[in-house]
Each structure stands twice: as structure tokens, then as C-alpha cells.
Amino acid sequence: NHLLSTLLMHISTSAFGVSEWAMRLPTLIAGVLLVPATYVVVRLPQGKNAALLATALVSASSPLIEFSFNARGYSLGALFLLIMAGMIEFARSKGTPRAWISIAIPAALALYSLPTMLYGVGGAFLYMLLTDISRWRSVYAMLLTGVLTLTFYTPAMVAVGVSGIVRNKWTAPLPNGQWMPQLTHELASLWGYWNLDVPRPASGLVIAGVLIALLFRKTLGTIPAVVFLCTAFVAAVLLPLQHVVPYRRTWLFLLPFYLGSAATGLSTVLQKARN
């Protein structure tokens, strides 16, 4: 169900021949582009210092590095969600209808990368609804995203059916007695995975930065912190309804926003200390 990654691998191997490096090339490029995309998204509202710190954290993240050479769709989904968040901020500042339309393209590509990007795209759209003065533009962007996503998935749905894409043995709903214990275990594993290869003092600083970003009004209004919270809210609503337990890699798209929130909070503290 990583359809965009599969399509890009087909193009890459057609151009460069069937080899391991050619198959990994599209996700490698996406993983590398996560760094400048993070810089742009954080710099738009917060400035250069926070953006540089965020890119340093993202570029050194072991999970993000791992899925930059793992030929699957996770780095693609993370990249397009960052682009979507950047376009939301751009559209807010410009306020033109064409700018709002451009949000739908990376949103649909994120969903085409992975169906589970629904959590992230839903969180980004919730952010739009909470911050956009003109609600109809948000609704229009969501409708256009739905049309584009359906268009992208139509060939695969004709070939294998809807269930072949969104329902398989890994996404089957769990019984009530199994769902919560497995979800708790997977969330604990996620926390350890996000801090993989990170020294404890550095991990503590990152956590402190995130808490600062989430608790103070000045930093709470920034893109990384709000999208992080909105995605967590969307997941908290959808997961009990779906009764599924996503693997820890599912949330890779959220890691740049987590690290961006940390950079925002730490940068704010350092700026106040200098003043």
C-alpha cells in the first residue's frame, strides 16, 4: 500500500536499471529534502535560530535516517506533510485563493504515500480550521484533497479493490481486550524509538523544549507545536474507532514536528536568556 514509493521506484529503476541503490533512490531524496523542508516550516513563524536548531535535530535523527534509505513510503509521507504545513503558513500570509489550492496537492501526495498519513493530514487540516479566518477555504482545500487522493488511488482500487489497500492482516481491528495493552506497548516502543541513539542529557533537553513549546502561548501558536497537538487529537479520536494499533514507524511523519517543537521552545528560552 506504499503506492507512491512503488511508482517512484518503477521510474527510478526504468531510468537507472534494476539495482538496490536505484530502488532506494526516491526515498533517499525525500529523506534528504526533509532537512530543508523542516528549516522552511520552522523559519516561517520562528526565525533563523529555531530553524537551524530544528534542522540539526532532524538531520541527526536515527529513525529519519533509517527510513531515508529504507525503500518504503514513510519519508515521502513525512516530506509532503511538511510541505503541506509550509503551504498552510504561506497561504495564511498571502490569503490568495490559489495559495489555498496549493495545500491540497502535497496533502493528497502524503495520503498517496501511505493511507496512514490520514492522521497527519487530518491534524494539519484541523490546524487550518483553528487558525484560518476564512473557513470555506479550508473546506475547499479538504474537498480538493479528497478528489485528488481518490484520483491517485483509482487505478489501484480498480486492480485490487479498496480492501486490498486499506485492509489487510496488519490493519485488522483488534478485540477490546487486546487493543489497549498492545497500543500501550507500541506507544512505549515509539518513545524509545524516537530517542534511539540520543544521549540522555540531549533527550532531556528535547523533551524540555517540547514542553516549553506546548505550554507557553508565544510558542504554542507555531506550526510544529500546533500540528503536533492537532495530530495527537485526531489520532486519539480515530484509533478507538478503528481499534487498530499502528506500528511505531507509522508516526515517523510526526517526528520532524516533535523536533521542530523542541527547537522552537529551546530557541525561545535562549533568546530570553540573552535579553
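Interatomic distance, CG of Leu3 versus CG of Leu76, reported as 11.5 Å (0.5 Å rounding). Taking OH of Tyr39 as the start and NZ of Lys48 as the end, the distance is 6.5 Å to the nearest 0.5 Å. Here the OG-CG distance, from Ser203 to Asn195, works out to 3.5 Å after rounding to the nearest 0.5 Å. How far CZ of Phe80 is from CG of Leu33: 9.0 Å, rounded to the nearest 0.5 Å. Taking CD of Glu186 as the reference point, atom CG of Leu183 lies at 8.5 Å (rounded to 0.5 Å). Separation of atoms CE (Met128) and CG (Leu130) is listed at 11.0 Å; rounding is to 0.5 Å.
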Evaluation steps, side-chain contact (heavy atoms from CB on, under 4.5 Å), between Tyr127 and Ile223 = CA-CA 8 Å; Tyr127 165 66; Ile223 296 176; 3.6 Å; yes
query = Given the rule in the side-chain contact (heavy atoms from CB on, under 4.5 Å) test, do Val206 and Trp194 qualify, once you have shown the distances and angles that lead to the verdict?
reply = CA-CA 11 Å; Val206 170; Trp194 277 13; over 6 Å; no
request  = I would like to know whether Asn49 and Leu270 meet side-chain contact (heavy atoms from CB on, under 4.5 Å); could you show each step before the answer?
outcome  = CA-CA 10 Å; Asn49 292 335; Leu270 291 173; over 6 Å; no
ask   = Please walk me through it: do Ile88 and Val227 pass side-chain contact (heavy atoms from CB on, under 4.5 Å)?
value = CA-CA 11 Å; Ile88 290 173; Val227 173; over 6 Å; no
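You'll find the side chain of Phe253 stays beyond 4.5 Å of the side chain of Leu114, heavy atoms only. Looking at heavy atoms from C-beta onward, Phe125 lies out of side-chain contact with Cys230 at the 4.5 angstrom threshold. Leu239 has its side chain within reach of Pro246: a pair of non-hydrogen atoms, C-beta onward, lies under 4.5 Å apart. The shortest distance between side-chain heavy atoms of Arg137 and Ile103 does not fall below 4.5 Å.
Note: Tyr119 and Trp251 have tilted aromatic rings, judged against thresholds of 30 and 60 degrees for the angle between ring planes. Using cut-offs of 30° and 60° on the angle between ring planes, the pair Trp21 and Phe16 is tilted. Ring pair Tyr258/Phe228 is tilted by interplanar angle, where 30° to 60° counts as tilted.
Aromatic rings from Tyr153 and Tyr112 are positioned such that their centres are separated by under 6.0 Å.
Residue-environment remark: CE (Met142) exceeds the threshold of 12 foreign heavy atoms within 6.0 Å.
Between the His243 side chain and the Pro173 main chain, no donor and acceptor come within less than 3.5 Å of each other. Proximity of a side-chain donor or acceptor of Ser75 to a complementary backbone N or O of Thr27 within less than 3.5 Å is detected. Listed for the Thr250 side chain is a donor-acceptor partner under 3.5 Å among the backbone atoms of Tyr247. A donor-acceptor pair is defined here as one N or O able to donate and one able to accept, closer than 3.5 Å; no such pair exists between the side chain of Thr13 and the backbone of Val18. Side chain of Thr55 to backbone of Leu52: a donor-acceptor contact under 3.5 angstrom is found. Judged purely by atom type and a 3.5 angstrom limit, Ser12 has no side-chain atom pairing as donor or acceptor with the backbone of Leu8. Side-chain atoms of Thr38 come within 3.5 Å of backbone atoms of Leu34 as a donor-acceptor pair (strictly under, hydrogens ignored).
Applying the salt bridge (charged side-chain N to carboxylate O under 4.0 Å, His left out) rule to pairs touching residues 52-72 yields nothing, sequence neighbours excluded. Screening residues 14-39 for salt bridge (charged side-chain N to carboxylate O under 4.0 Å, His left out), with sequence neighbours left out, gives Glu20-Arg24.
The minimum heavy-atom distance linking Val42 with Pro224 is given by the pair CG2-CG, 4.0 Å. Heavy atoms only, all atoms of each residue included: Ser68 and Gly31 are closest at OG-CA, 3.1 Å. For the pair Val121 and Ala107, the tightest heavy-atom approach, listed with the atom from each and the gap, is CG2-O, 3.8 Å. What you find for Leu111 and Met117 is that their closest heavy atoms are CD2-C, 3.7 Å. For Ser59 against Ile65, the heavy-atom pair with the smallest separation is O-CD1, 3.6 Å. Closest of all the heavy-atom pairs between Ser113 and Leu4 is OG-CD2, 3.4 Å.
Put simply, Leu81 and Phe233 are part of the same group of oily side chains (I, L, V, M, F, W, Y) that touch within less than 4.5 Å, one to the next. When hydrophobic clusters are built by joining Ile, Leu, Val, Met, Phe, Trp and Tyr residues whose side-chain heavy atoms come closer than 4.5 Å, directly or via intermediates, Val234 is grouped together with Val237. If you chain together hydrophobic residues whose side chains sit under 4.5 Å apart, Tyr140 and Val147 never meet in one group. Criterion: ILVMFWY side-chain heavy atoms under 4.5 Å apart, direct or through other members. Under it, Ile207 and Leu190 are part of a common hydrophobic cluster. Phe67 is not connected to Val198 by any chain of hydrophobic side-chain contacts under 4.5 Å among Ile, Leu, Val, Met, Phe, Trp and Tyr, and they are in different clusters.
A side-chain donor-acceptor contact under 3.5 Å links Tyr74 and Arg249.
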